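All values below were derived from every heavy atom in this structure, side-chain atoms included, with hydrogens, water molecules and symmetry-related copies excluded. Order of the sequence lines fixes the chain letters, A, B, ..., with proteins taken first and strands second; residue numbering starts at 1 for each chain. Since we're looking at a predicted model, the values are computed, not measured.
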Amino acid sequence: MTDTTAQAPRKLFLLDAFALIYRAHFAFSKNPRINSKGMNTGAVLGFTNTLVEVLQKEKPTHIGVCFDGPKKTFRHEQFPEYKAQRQAMPEDIGTAIPYIKKIIEAFHIPILIMEGFEADDVIGTLARHAEEHGFEEVYMMTPDKDYCQLVTEKVKIYRPAFMGNSAEILDLAHVLQRFEIERVAQVTDILGLQGDASDNIPGIPGIGEKTAKALIQKYGSVENLIANSHELKGKQQENVRNFAEQGLLSKELATIHINVPIPFEPEALCCSAPDEAKLTALFDELEFRQLAARVLKTAPARTSATAISPAKGKKSSVPTGAGHQASLFAAPVGITEMGEEEADVLPTTRRTLAEVPHQYHLIDSPALRRELLRFLLLQQEVSFDTETTGLDTMTARLVGLSFCWLPGEAYYVPVPQNNPAAAQALVDEFRPFLEHEGILKIGQNIKYDLTILKHYGIRIGGPLFDTMLAHYLLEPDMRHNMDVLAETYLHYTPVSITELIGPKGKKQKTMADIPPAEVSDYACEDADVTLQLKHVFEPKLAALGLLKLLNEVENPLVPVLADVEYEGVRIDSGAMGDYSAELQGYIVDIEKQIFAAAGQEFNIGSPKQLGEILFDKLQLGGGKIKKTKTGQYATGEEVLSLLAPENPVAALILEHRQLTKLRSTYVEALPQLVCEMDGRVHTSFNQAVTATGRLSSTNPNLQNIPIRTEKGREIRKAFVPRDANHVLVAADYSQIELRIMADFSKDATMIEAFRQGIDIHSSTASKVFHVPLETVDGEMRRKAKMVNFGIIYGISAFGLAQRLGVGRKEAVEIIDAYFEEFSAVKQFMDASINKARELEYAETLLGRRRYLRDINSRNATLRGFTERNAINAPIQGTAADIIKIAMIRIHDWLQREKLGTRMILQVHDELVFDAPKEEVDYIIPHIKELMINALPLSVPMEVEVGTGQNWLQAH
DNA sequence: TCCATCACG
DNA sequence: ACGTACGTGATGGAG
């Protein structure tokens, strides 16, 4: 960062022309740009936009555009099938290329082509030359991931911006993290193993992305993997041995060669002013008026696609350590010298504790503890972490607390003696800080710490900031472990827990087995890293307009979920046991019938064996036999239902499936998870896993308890109130997602139906089938219901046809009729996709994003998926936003009113409460009101509430 | 560890 | 020409 040279830094951009042209072309393929002469100008415009943007925004000192050379490359000689699946170049691209070349020339940018080599070889070679010539920054501009193998500290990938979203720079750390490798050269090993369908690189069968990463992590290279194939097991060993050569060839094909005989002439790559006359003529001919205005007049400032909203709340003036006198609390030192704005651009090697200045202190005397507490109470925000004996909050015991309020400086307070009373005493000592309402508490997955401390009678006070949730809003579909976050955003590798407590085993050590002096660095580091992550994430969230969502929804939801989990749900284990026996009786009986029909015994639960019995032995299906993608017979619900008329055994198998599912997943599993202390099950709600903003529930999953079938419903009878003085109260949003669709689309017909309180599926049926509401029959309503679901999911004729069991033609007619009647819905769906194409993300009413980076993919299937996501994600996500707000307000209200009612479950559009009988009549209208008004829409919200002695009754 | 299957919204 | 409804988690079987 200390640049002492007089010369300005040299910055080279190398563009992969064909990759960018293809991407540009397909980005416009859905609504092509045709000029008055009938020419499809999408590719030219997209490419030129990209070029102009990089020139204006990145201001390179040097630039070159590389095209694939003519003739076949050496790769085709090695492997004739190479890129054989590639379709011929679309005609529109063929006509675009001469124009693109002229535009590049008008910009005075050299075009680089080498016969017999592809652009990636040329770019790789030139990038390496440039680095050797001392260029400070070299960017390979391409959407192609193969280039990852070329990335170094100086050479990075520049993934171009498209239509308003910002560009992305992939540096060394990104690449290593993404492929989970140690050296970028191993990218070729990964690609060599897993193959690449688009280039027709075969790879090794049975090895996909996951396996490839794991194998390369273990063996380092394809060659070494083959040499050690004796260590592999079964089919995998067989495949690696049989396809060893194919694997090596694949690696070779994926390897970019950086020894292309091309001279490196920096002067030739120098940027210079464009030939404006030529550009004017070209843009005129192509009818690029806006572009011409941007390029040829003044250089206008680009407006950002997102508004930057200032951070809300108090201007924090965090006391720095400098003013404090105690020697312990010295001046701050940082883990890295990196400023926030540099963090995501700078590639650095990842550093560890030993390489970085820090002051971590073990606080192990009463005097030091008192002093620490005094300082804690002076702060406005503190990150803290609990060290415990395990991850299960119900059984884990506290081992120590760490705190940090200045980067690089942290404090660890161990529990003085290893006993519960000492832990309680320590917690009590720090209670004034922990319960302080004025201090912001920062943590990574802070719900865990809240729950641990709750067992010691602490209710954490003050606002919360969870770095895990902050990152969840920034990158919803990535992982949010602290270690990954530290590597990505701080270029720092924290001490691993394994280093401290040893590998997993039967004699697994816990924190309590390690001397506090050794735990101290680890614990301090966690609090320190968490604080630094907060400082990195906050401005990013502000820039994307996500701070409000974090501070007003996600962070306040944390203590609510902690309470919901802590309360738990009582399960009637006796009833479960009885039902298990009953189910077992049915299962044995059905098994006998199936074996009789099959003429032999076999494992009904094995899709493989079942397929062989049904299709080989019994010859069912009359030739029309479906296979799964792995080549086995498909025996899913759909297939078996089709076979049912042909042979009664199919229906028996379906029934067997249902019963064994109920037994193993619910009836047997749930009682085992009942906590001995209180007779309740305590699920975990994960707030940072779904792509849309919903919660998920694990261990056990209480969001998929059966209800749709009679035998399944029985299970809900075992979900009971805590005691005889309580009842369960269940409150459901009615049709929340369709109401959101009505609000988003402002469709008059749909809004009217909701305002009048008409059954929405009947209403839809009446419109679609053109009959009066009164004459809508069950069958019409059923079909309309499926259509309504389809609307929320981003409808497709094929999908609807499948669900309705009708032909595709009829499905198309129904959809057409729907869009005729609900034209605003159709417009909204189109607009959603168009918006997502520009932004490459979709957002909810509160600004929660889901990135849709494949929305402009040229792979039609992938693009189709992503387009449906563009419609579904805002709807599903807004529903999630709404119920989260309701949960926070209801929890808040129950506390303020000091009521005994407890929220005990959330199931996406339903909340369940365990309520004292005498409170029921009082709480119901309030809960309804709080749910209805959580986020008012232009259509009324409806909430249905029921009560009962078990969850089934409460519906 | 992956796959197929199926439970829920 | 292709292959499709959206979002989850747990299970048993097979490699």
Next on the checklist: Against the six-membered ring of Phe865(A), is Arg863(A) placed for a cation-pi contact (under 6.0 Å from the centre, within 45° of the normal)?
Outcome noted: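 Verdict for Phe865(A): no cation-pi partner in Arg863(A).
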Next on the checklist: Against the six-membered ring of Tyr586(A), is Lys711(A) placed for a cation-pi contact (under 6.0 Å from the centre, within 45° of the normal)?
Outcome noted: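 Geometry flag: set, cation within 6.0 Å and 45°.
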Reckon [X] touches a base, only the sugar-phosphate, or nothing at all at heavy-atom distances under 4.0 Å?
| X | value |
| --- | --- |
| Ile871(A) | nothing |
| Arg850(A) | sugar-phosphate |
| Ala691(A) | sugar-phosphate |
| Arg708(A) | base |
| Ala669(A) | sugar-phosphate |
| Asn701(A) | sugar-phosphate |

Nearest-Å distance once atom [atom1] is located in both [N] and [M]:
| N | M | atom1 | answer |
| --- | --- | --- | --- |
| dG3(C) | dC8(B) | P | 31 Å |
| dT5(B) | dT4(C) | P | 14 Å |
| dC2(C) | dA7(B) | C1' | 31 Å |

Checklist entry - Hey, mind stepping through Glu840(A) and Arg849(A) against salt bridge (Lys or Arg N to Asp or Glu O under 4.0 Å) and telling me if it holds? => result CA-CA 10 Å; Glu840(A) 289 195 355; Arg849(A) 292 183 178 194; over 6 Å; no
State whether [X] places a side-chain N or O below 4.0 Å from either non-bridging phosphate oxygen (OP1 or OP2) of [N].
| X | N | value |
| --- | --- | --- |
| Ser664(A) | dA10(C) | no |
| Thr698(A) | dG9(C) | no |
| Asn603(A) | dG12(C) | no |
| Asn869(A) | dG7(C) | yes |
| Gln658(A) | dT5(B) | no |

Item to check | Selected nucleotide, minimal atom distance to Lys661(A) side chain, candidates dG9(B), dC6(B), dT8(C) | outcome: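 So the nucleotide nearest the side chain must be dC6(B).
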Item to check | Distance, nearest 0.5 Å, that separates CZ of Phe828(A) from CD1 of Ile875(A) | outcome: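 Separation between the atoms: 5.5 Å.
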Checklist entry - Taking all atoms of both residues into account, what is the closest heavy-atom pair of Leu911(A) and Met887(A), and its distance? => result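 In this case the closest contact between Leu911(A) and Met887(A) is CD2-CG, 3.6 Å.
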Checklist entry - Once you round it to whole Å, what is the distance between P of dT8(C) and CD1 of Ile705(A)? => result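 After rounding, the gap between these two atoms is 19 Å.
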Next on the checklist: Rounding to an integer number of Å, can you tell me how far Leu800(A) CG sits from dA5(C) P?
Outcome noted: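 After rounding, the reported distance stands at 12 Å.
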Contact list (N/O, under 3.5 angstrom) for nucleotides 2-4 of chain C vs protein:
from, atom 1, to, atom 2, distance (Å)
dT4(C), O2, Ser796(A), OG, 3.4

Item to check | salt bridge (Lys or Arg N to Asp or Glu O under 4.0 Å) between Glu475(A) and Arg853(A), intermediate numbers included | outcome: CA-CA 12 Å; Glu475(A) 296 286 348; Arg853(A) 287 163 180 123; 3.5 Å; yes
